[in-house]
2 protein chains.
Amino acid sequence: MRRHVLLYGLLAGVLIAALRLIEYRWLVLEHSVEIYGGLVAAVFATLGIWLGLRLTRHTETVVVREVEVPAPVNFVRDQSKVDSLGITPRELEVLELIAAGLSNKEIAERVYVSENTVKTHSSRVFDKLGARRRTQAVQLGKELRLIP
Amino acid sequence: MRRHVLLYGLLAGVLIAALRLIEYRWLVLEHSVEIYGGLVAAVFATLGIWLGLRLTRHTETVVVREVEVPAPVNFVRDQSKVDSLGITPRELEVLELIAAGLSNKEIAERVYVSENTVKTHSSRVFDKLGARRRTQAVQLGKELRLIP
DNA sequence: CCCAAAATCATCCATTCGGATGACGCGCGT
DNA sequence: ACGCGCGTCATCCGAATGGATGATTTTGGG
């Protein structure tokens, strides 16, 4: 912006100087003043238009149109509930895998522990959640914002 | 647009005429030509800028910014998937209750049928979904927008 | 009315899950 | 060093679940 104004002023100065230099050489006609004025008018009008266009070229009007997007809802774990329920990271991990539909055996293979260990974790987390089935645990886990 | 150009030309003509009328009356100074030129330059530059602004005033760039709205649970069942998978209403109902964390026995009591019937429905829906466990069926059901 | 789809119920059997319980090792803080 | 929380693994057993299959009844549309 400031650069534009400076450039504009500079061009104007050069032009005026140029006109002063040449006005006595070949503008010695009858209506030299009119021609001179017309020239100046045309040039400055052009420059003005250019400047005006320049000034507004990038002023986009941002129209915010709210669109209902399926919204994957950036999940944030309710750590306070995790803490208050005393659920350990490993238990939470197992709960997530249960929610993903994996069997105990698949979970065991996934996290490199025995199936018995997975059973222990799941039993503990069921107990802490007050769930009697894994589907219920999943439901409660989602409701309590422990898992996405 | 065309109106702007016409108006611009008209103003220019009037201005030039006015200048011609007054130039011999009180612009009889030493540097009258420079003053005259500067005046014309300033006026036409102003007009040019104004015109330039005019020309681009209404060229708004519409930027659609998708805003993630809290997305209330405006759940809409994907009936096309239900149909394409050939899932019956009863099967869908059972799937929902499974997702709610109920056992087969509880579902049976809830919908007044025998546990065997619930087992049949669940088995069929598992088969249609390609699920091997109820947790997996729930996961798939949610993913396919069959259940909330 | 008739038929196909849907819903219902059942039995048998294998697998999975859940509950209860005990044990061992590791890291951490007192 | 000791206790504690956490993670690990195990065994036993009953309940729940899943798979396969067959049968009967209800229902909705042509």
Could you give the CZ-to-C1' distance, from B:Arg134 to D:dA15, as a whole number of Å?
13 Å
Say whether B:Ser114 and B:Thr117, considering side chains only, have a donor N or O and an acceptor N or O under 3.5 Å apart.
yes
Presence of salt bridge, B:Arg110 and B:Glu93, under 4.0 angstrom:
no
For A:Thr88, report the nucleic acid contact type (base, sugar-phosphate, nothing); a contact means any heavy atom under 4.0 Å.
sugar-phosphate
d(CG, A:Asn116; C1', D:dC12) in whole Å
11 Å
Quick one: A:Arg90 CZ to D:dG7 P, roughly how many Å, whole number?
8 Å
Return the 5'-most residue of the pair B:Arg124, B:Asp127 with respect to DNA chain D, ranking by each residue's nearest nucleotide.
B:Asp127
SB check B:Glu106 A:Arg133 (cutoff 4.0 Å)
yes
Go through DNA chain C in 5' to 3' direction and return only the first and the last nucleotide with some atom under 4.0 Å of chain A's heavy atoms.
C:dC17 to C:dG19
Would you indicate whether the side-chain heavy atoms of B:Thr88 and B:Val125 approach each other to under 4.5 Å?
no
Pair A:Leu92, A:Leu146 - check side-chain contact (heavy atoms from CB on, under 4.5 Å), show working.
CA-CA 8 Å; A:Leu92 209 48; A:Leu146 306 179; 4.2 Å; yes
Rounded to whole Å, please give me the gap between CD in A:Glu93 and P in D:dC6.
15 Å
B:Tyr112: which other cluster members, linking ILVMFWY side chains closer than 4.5 Å, directly or transitively?
none
So what does B:Ser122 hit on the nucleic acid, given a heavy-atom distance under 4.0 Å: a base, only sugar-phosphate, or nothing?
nothing
How many Å lie between NZ on A:Lys105 and P on D:dG18, as a whole number?
16 Å
Would you check if the side chain of B:Arg145 reaches a backbone N or O of B:Asp78 as a donor-acceptor pair within less than 3.5 Å?
no
On DNA chain C, does the nearest nucleotide to B:Pro89 precede the nearest nucleotide to B:Lys119 from the 5' side, or the other way round? Give the residue.
B:Pro89
If you compare every side-chain N and O of A:His121 against the phosphate oxygens of D:dG7 (OP1, OP2), does one of them come in below 4.0 Å?
no
Of the options A:His121, A:Arg134, A:Lys119, which is the one that meets A:Asn104 in a side-chain hydrogen bond (donor to acceptor under 3.5 Å, both in side chains)?
A:Arg134
Taking only side-chain nitrogens and oxygens of A:Ser114, does any of them come within less than 4.0 Å of OP1 or OP2 of D:dT8?
no
Is there a continuous path of hydrophobic side-chain contacts, each under 4.5 Å between heavy atoms, that joins B:Ile87 to B:Ile107?
yes
May I have the distance from A:Glu115 (atom CD) to D:dC9 (atom P), rounded to whole angstrom?
12 Å
To the nearest angstrom, the CZ-C1' distance between A:Phe126 and D:dA16 comes to 12 Å
Expressed in angstrom and rounded to an integer, what is the separation of A:Arg132 atom CZ from D:dA15 atom P?
13 Å
With sugar-phosphate meaning primed atoms plus P, OP1 and OP2, does B:Ser103 contact a base, only sugar-phosphate, or nothing at under 4.0 Å between heavy atoms?
sugar-phosphate
Under 3.5 Å for both distances, Watson-Crick or G-U wobble, that's the pair rule; now give the dot-bracket for DNA chain D, with | marking pairs to another strand and [ ] for crossing ones.
||||||||||||||||||||||||||||||
More than 12 foreign heavy atoms under 6.0 Å from NZ of B:Lys81: is that the case here?
yes
